[in-house]
*Asks:* 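Structure incoming, see below.
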Amino acid sequence: QVQLVESGGGLVQAGGSLSLSCAASGRTLIGYATGWFRQAPGKEREFVAAISWGGRSTYYADSVKGRSTISRDNAKNLVYLQMNTLKPEDTAVYFCAAKSARYAVDASSRERSWYDYWGQGTQVTVSS
């Protein structure tokens, strides 16, 4: 069992930056691909980014590509999402998720059902 806890959310002005963290406990994240999703009020949870278990493969949603970077530190059991040039439409609860997978991430990582474990989320609010 993997427990995931997100942190780093908060209130930021448009154009600003935030770095989210996802901490894993229960077992190591080695061997687990990890993704970030977000859910705005009244909307479905949507894919943001994913990273393979070793960190060599990444996949991004078009909406954040070029503005966000997903990374991980397996020694610390942490996964990060650096978001830059934030926009009001980035406002949402951000969730991390993990999937037991020792291969590169691809379009499959966009699907919520692909993941085995989820965190509780952290709120990101971008003011205009």
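For the single chain, residues carry numbers from 1 onward in sequence order. In this text the structure is predicted, and so the values were computed from the model without any measurement. The figures that follow rest on heavy atoms only: side chains count, while hydrogens, waters and symmetry mates do not.
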*Asks:* Would Lys87 and Asp90 count as a salt bridge (charged side-chain N to carboxylate O under 4.0 Å, His left out) here? Give the steps.
*Replies:* CA-CA 5 Å; Lys87 306 174 182 179; Asp90 293 318; over 6 Å; no
*Asks:* For a quick test of reading the model, state the closest non-hydrogen atom pair linking Pro88 to Ala14 and the distance between them.
*Replies:*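 Result for this residue pair: CD-CB, 4.1 Å.
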*Asks:* So, for Gly8 and Thr122, which heavy atoms are closest and what is the spacing to 0.1 Å?
*Replies:*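 That would be N-OG1, 4.2 Å.
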*Asks:* At their closest point, which heavy atom of Val124 faces which heavy atom of Gly9, and how far apart are they?
*Replies:*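 Minimum heavy-atom contact is CG2-CA, 4.1 Å.
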*Asks:* Backbone N or O of Val105 within a donor-acceptor pair of the Ser57 side chain at under 3.5 Å?
*Replies:*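 A pair under 3.5 Å: yes.
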*Asks:* Would the distance check show the side chain of Arg56 and the main-chain N or O of Ala104 forming a donor-acceptor pair, the cut-off being under 3.5 Å?
*Replies:*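 Checked: no pair found.
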*Asks:* Provide the closest heavy-atom pair for Gln3 versus Gly26 in the form atom of the first, atom of the second, distance.
*Replies:*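 Scanning both residues, the minimum pair turns out to be OE1-CA, 3.4 Å.
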*Asks:* Quick check: do Tyr59 and Arg110 have side-chain heavy atoms less than 4.5 Å from each other?
*Replies:*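 Yes, at least one pair of side-chain atoms sits under 4.5 Å.
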*Asks:* Ignoring hydrogens and geometry, is there a side-chain-to-backbone donor-acceptor pair from Thr91 to Val126 under 3.5 Å?
*Replies:*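 It does hold such a pair.
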*Asks:* Return the CG to OG1 distance between Leu81 and Thr34, rounded to the nearest 0.5 Å.
*Replies:*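 The distance works out to 12.0 Å.
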*Asks:* Answer whether the closest heavy-atom distance between the side chains of Arg38 and Ser63 falls below 4.5 Å.
*Replies:*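 In contact.
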*Asks:* Is Leu11 close to Ser127 at the side-chain level, that is, under 4.5 Å between some pair of heavy atoms?
*Replies:*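 Answer yes - side chains close enough.
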*Asks:* Hey, are the side chains of Thr69 and Tyr60 touching, using non-hydrogen atoms and a 4.5 Å cut-off?
*Replies:*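 With C-beta onward as the side chain, the pair touches.
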*Asks:* Any donor-acceptor pair under 3.5 Å linking the side chain of Arg67 with the backbone of Thr85?
*Replies:*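 It does hold such a pair.
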*Asks:* Heavy-atom distance under 4.5 Å between the side chains of Trp53 and Ile30, does that happen here?
*Replies:*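 Yes, their side chains come closer than 4.5 Å.
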*Asks:* Quick one: does Gln120's side chain have a donor or acceptor within less than 3.5 Å of a partner on Glu6's backbone?
*Replies:*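 No: the side chain of Gln120 does not pair with the backbone of Glu6.
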*Asks:* What are the two closest heavy atoms between Asn84 and Ser17, and how far apart are they?
*Replies:*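 Residues Asn84 and Ser17, closest heavy atoms: OD1-OG, 3.0 Å.
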*Asks:* Rounded at 0.5 Å granularity, tell me how far CD in Glu111 sits from CZ in Phe47.
*Replies:*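 Taking CD in Glu111 and CZ in Phe47, the distance rounds to 10.0 Å.
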*Asks:* Quick check: do Val79 and Ile70 have side-chain heavy atoms less than 4.5 Å from each other?
*Replies:*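 Yes, side chains in contact.
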*Asks:* Within 45 degrees of the axis of the six-membered ring of Phe95 and under 6.0 Å from its centre: does Arg45 put its NZ or CZ there?
*Replies:*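 Judged by the rule, Arg45 and Phe95 form a cation-pi pair.
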*Asks:* With a 4.5 Å cut-off on side-chain heavy atoms, are Met83 and Val12 touching?
*Replies:*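 Val12 does not reach Met83 side chain to side chain.
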*Asks:* Quickly, which of Phe37, Tyr32, Trp36 forms a ring pair (Phe, Tyr, Trp, His ring centres under 6.0 Å) with Tyr115? Name it, please.
*Replies:*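 Testing Tyr115 for a ring pair (Phe, Tyr, Trp, His ring centres under 6.0 Å) against Phe37, Tyr32, Trp36 leaves exactly one candidate, Phe37.
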*Asks:* List the atom pairs, with distances to 0.1 Å, where a side-chain N or O of residues 96-103 and a protein N or O form a donor-acceptor pair under 3.5 Å, not counting sequence neighbours.
*Replies:*
none

*Asks:* What is the distance from atom CG of Asp106 to atom OG of Ser52, rounded to the nearest 0.5 Å?
*Replies:*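 With rounding to 0.5 Å, CG (Asp106) is 11.0 Å from OG (Ser52).
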*Asks:* Looking only at non-hydrogen atoms, find the nearest pair between Val93 and Gln123 and report the distance.
*Replies:*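 For Val93 versus Gln123, the nearest heavy atoms are CG2-OE1, 3.2 Å.
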*Asks:* Ser71: which residues meet the side chain to side chain contact (heavy atoms under 4.5 Å, CB included) condition with it, sequence neighbours left out?
*Replies:*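 Partners of Ser71 by the side chain to side chain contact (heavy atoms under 4.5 Å, CB included) criterion, ordered by chain and then number, come out as Tyr80.
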*Asks:* Checking Asp73 side chain against Leu78 main chain: does a donor-acceptor pair fall under 3.5 Å?
*Replies:*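 Pair absent, no side-chain N/O of Asp73 close to backbone of Leu78.
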*Asks:* Could you state whether Val48 and Tyr117 fall into the same hydrophobic cluster, counting links through intermediate Ile, Leu, Val, Met, Phe, Trp or Tyr residues with side-chain heavy atoms under 4.5 angstrom apart?
*Replies:*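 Looking at the clustering, Tyr117 is in the same group as Val48.
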